[in-house]
Amino acid sequence: MINFDYVRARDVADAIREISAEPAAKFIAGGTNLIDLMKYDVERPMRLIDITHLPLNNVEETGNGGLRIGALVPNSDLAYHPLIEKRYPLLSSAILAGASQQLRHMASTGGNLMQRTRCFYFYDVATPCNKRAPGSGCSAINGINRINAILGTSEACIATHPSDMCVALAALEAKVHVAGPAGERAIAFSDFHRLPGDTPQIDTNLKANEIIAAIELPAQGFAANYSYLKIRDRLSYAFALVSVAAALELEGDRIKDARLALGGVAHKPWRNPEAEAALRGQPADSNAYAKAAEILLRGAKGFAHNTFKIDLARRAIFRTLAQAANGTPQIQSSKKIR
Ligand SMILES: Cc1cc2nc3c(=O)[nH]c(=O)nc-3n(C[C@H](O)[C@H](O)[C@H](O)COP(=O)(O)OP(=O)(O)OC[C@H]3O[C@@H](n4cnc5c(N)ncnc54)[C@H](O)[C@@H]3O)c2cc1C
Ligand code: SF4
């Protein structure tokens with residue numbers, strides 16, 4: 001039996017006080033990842049700080065035409081929120097490509113950002129893993145690495161971030177609002193998750209005494225031309241081998257603005273502003289898509305079992321951009337089944 005304390009935070013300030021007081025404490029929201037990790041003995045928090053009663057479950061319009069999404073808004077509520085379906089269907093589609101209905105009902109917005117990798121060895125405490133036990137080694141580099149990363153890897157870790165929602169948030173250039181003892185600060189989405197480097201145990205730039213309060217979406221939602229394509233081993237209830245979020249603003253048949261992010265291939269949602277710049281001003285055609293794919297996959301490196309991801313990603317980028325340009329997204333958010 002591994003004992004731990006449980007406390008329910010009364011408000012955000014109380015949650016920050018609690019997490020600051022006990023370095024081995026963890027917040028618990030939906031519990032869909034943390035409880036599994038505790039059962040597998042991967043995480044051993046001394047204290048669980050229940051944040052489910054904090055007032056962080058609203059979706060509100062911001063003064064600059066965007067939206068502020070509370071960290072406790074459940075993934076299902078967010079995907080089906082009328083403002084998200086109408087103005088940010090890319091986000092809705094990405095959320096609905098993840099997990100299962102039951103899990104999405106429980107999973108929170110903040111928890112989705114903080115979920116940990118699905119690398120097999122991270123979950124298997126009998127094997128070395130630098131992310132779980134720093135300095136112990138990486139079993140995946142010479143092991144079964146079919147689901148692992150092809151971009152931004154290091155000698156210490158080749159894990160991927162498993163979220164679908166985060167890939168859309170990266171493409172939409174969301175901001176993460178976090179609260180700590182010194183008040184609230186905003187982190188650009190592209191700076192929130194980290195590459196593994198030689199500290200793969202640290203997934204994000206959230207400080208140990210901070211809580212995610214909200215996600216802010218800018219005004220531009222790319223609602224007319226978008227697509228989220230997720231390639232996986234099963235059609236549901238499986239994490240992405242490769243996923244692509246594409247969002248375009250078209251002027252006639254030319255691309256005025258573009259966003260492109262990949263999931264399932266790196267320790268964080270993978271973007272490269274150069275790939276998006278290469279699309280701007282170009283006709284929406286196969287030459288432009290091929291160029292963007294080439295730039296986005298620059299430096300990709302496969303391991304024994306996942307080299308196929310490089311070609312898969314190239315073709316998925318091409319297809320997702322074509323779907324976005326044609327206005328035929330992979331998931332039509334208005335036709336989704338609840
Ligand atoms: C079988 C299965 C299949 C899944 N498939 C997919 C999939 O295909 N795509 C996908 O994207 N996801 C998938 N998921 C993951 C799921 O989306 C996450 O488990 C979920 O989003 C986590 O949210 P939660 O509220 O349950 O987090 P919890 O489990 O409560 O917490 C997870 C982590 O986040 C931290 N945390 C939570 N809230 C905050 C906050 N506000 N501030 C700071 N830290 C916080 C906790 O301390 C903990 O470390 C799957 C999960 C399961 C179990
Ligand atoms: S890839 Fe990362 S998470 Fe997987 S075994 Fe190696 S160090 Fe651990």
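In listed order, ligands and their atoms are each counted from 1.
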Student: Please check if the side chain of Ser243 supplies one atom and the backbone of Lys230 the other of a donor-acceptor pair under 3.5 Å.
Tutor: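 Looks like no, no N/O pair under 3.5 Å.
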
Student: For ligand 1, does Gln102 get within less than 4.0 Å through its side chain, its backbone, both, or neither, judged by non-hydrogen atoms?
Tutor: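 Neither; nothing of Gln102 gets under 4.0 Å from ligand 1.
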
Student: Check each atom of ligand 1 against the heavy atoms of Asn33 and keep those under 4.0 Å away; list them by number with element.
Tutor: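 Near Asn33, the atoms of ligand 1 are 19 (O), 29 (O).
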
Student: Report, in ascending order of atom number, the atoms of ligand 1 lying under 4.0 Å from any heavy atom of Lys26.
Tutor: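 Result: 47 (O), 49 (O).
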
Student: For atom 28 (P) of ligand 1, which of the options Gly31, Gly98, Ala15, Gly264 provides the nearest non-hydrogen atom?
Tutor: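 That would be Gly31.
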
Student: Who's closest to atom 14 (N) of ligand 1 heavy-atom-wise, of Tyr237, Phe27, Phe239?
Tutor: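 Heavy atom nearest to atom 14 (N) of ligand 1 belongs to Phe239.
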
Student: Which ligand 1 atoms does Leu34 reach within 4.0 Å, using its non-hydrogen atoms?
Tutor: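 Atoms satisfying the 4.0 Å criterion: 29 (O).
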
Student: Output all residues satisfying ring-ring contact (aromatic ring centres under 6.0 Å, His included) with Phe189, sequence neighbours left out; order by chain, then residue number.
Tutor: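 With sequence neighbours excluded, Phe189 shows a ring-ring contact (aromatic ring centres under 6.0 Å, His included) to His193, given in chain and number order.
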
Student: Pick, from Gly70, Gly30, Ser100, the option with the minimum heavy-atom distance to atom 24 (P) of ligand 1.
Tutor: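 Among Gly70, Gly30, Ser100, the closest heavy atom to atom 24 (P) of ligand 1 belongs to Gly30.
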
Student: Of Ile28, Ile211, Leu113, Thr32, which has the heavy atom at the shortest distance from atom 19 (O) of ligand 1?
Tutor: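 Residue with the shortest heavy-atom distance to the ligand atom: Thr32.
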
Student: If you measure from CG on Leu279 to CD on Gln282, what distance do you get to the nearest 0.5 Å?
Tutor: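 It comes to 8.0 Å.
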
Student: With sequence neighbours excluded, tell me which residues meet side-chain contact (heavy atoms from CB on, under 4.5 Å) with Ala223.
Tutor: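 Result, side-chain contact (heavy atoms from CB on, under 4.5 Å) vs Ala223: Pro89.
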
Student: At less than 4.0 angstrom from any non-hydrogen atom of Ala71, what atoms of ligand 1 do you find?
Tutor: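 Per the distance check, 41 (N).
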
Student: For Ala213, which part has a heavy atom under 4.0 Å from ligand 1: side chain, backbone, both, or neither?
Tutor: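 The answer is neither; Ala213 stays 4.0 Å or more away.
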
Student: In the protein, what heavy atom is nearest to atom 44 (N) of ligand 1, and what distance, to one decimal place, separates them?
Tutor: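 The answer is Met114 CG, 3.7 Å.
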
Student: Please list, in chain and residue-number order, the protein N/O/S atoms closer than 2.8 Å to atom 2 (Fe) of ligand 2.
Tutor: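 Listed by chain and number: Cys157 SG.
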
Student: Can you tell me if Glu249 and Gln220 form a side-chain donor-acceptor pair at under 3.5 Å?
Tutor: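 Yes, because at least one side-chain N or O of Glu249 sits under 3.5 Å from a partner of the opposite role on Gln220.
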
Student: Near Asn112, which atoms of ligand 1 are under 4.0 Å from a heavy atom of that residue?
Tutor: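 What qualifies from ligand 1 is 11 (O), 17 (O), 21 (O), 22 (C), 23 (O).
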
Student: So, Asp191 and Asn205: side-chain donor and acceptor under 3.5 Å apart, yes or no?
Tutor: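 Side chains of Asp191 and Asn205: no pair found under 3.5 Å.
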
Student: Let me know which of Asn148, Ile144, Asn145 forms a side-chain contact (heavy atoms from CB on, under 4.5 Å) with Tyr121.
Tutor: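 The single option meeting the side-chain contact (heavy atoms from CB on, under 4.5 Å) with Tyr121 is Ile144.
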
Student: Just which atoms of ligand 1 are under 4.0 Å from any heavy atom in Pro162?
Tutor: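 Listed by number with element: 9 (N), 10 (C), 11 (O).
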
Student: For ligand 1, indicate whether the residue Lys230 contacts it via side chain, backbone, both or neither (heavy-atom separation under 4.0 Å).
Tutor: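 The answer is the side chain.
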
Student: Under a 4.0 Å heavy-atom limit, does Ala238 contact ligand 1 with its side chain, its backbone, both, or neither?
Tutor: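 Backbone only.
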
Student: Return the set of residues passing ring-ring contact (aromatic ring centres under 6.0 Å, His included) with Tyr289 (not counting sequence neighbours), or none when no residue passes.
Tutor: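 Once residues adjacent in sequence are excluded, the partners of Tyr289 under the ring-ring contact (aromatic ring centres under 6.0 Å, His included) criterion are Phe318.
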
Student: Of Leu54, Ile35, Asp164, Leu72, which has the heavy atom at the shortest distance from atom 11 (O) of ligand 1?
Tutor: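 Going through Leu54, Ile35, Asp164, Leu72 one by one, Asp164 has the nearest heavy atom to atom 11 (O) of ligand 1.
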
Student: Looking at Gln115, Lys131, Met114, which hits side-chain contact (heavy atoms from CB on, under 4.5 Å) with Asp203?
Tutor: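 It is Lys131; the other options fail the test.
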
Student: For a quick check under 3.5 Å, do Asn64 and Thr62 share a side-chain donor-acceptor pair by atom type?
Tutor: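 Yes, Thr62 and Asn64 have a side-chain donor paired with an acceptor closer than 3.5 Å.
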
Student: Identify, by atom number and element, the atoms of ligand 2 in contact range of Ser139, meaning under 4.0 Å from any of its heavy atoms.
Tutor: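 Listed by number with element, the hits are 5 (S).
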
Student: Is it the side chain (CB and beyond), the backbone, both or neither of Ile51 that lies under 4.0 Å from ligand 1, heavy atoms counted?
Tutor: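 Side chain only; the backbone of Ile51 stays clear of ligand 1.
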
Student: Should the proximity of Leu56 to ligand 1, defined as any heavy atom under 4.0 Å, be assigned to the side chain, the backbone, both, or neither?
Tutor: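 For Leu56, there is no contact with ligand 1 at all, from either part.
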
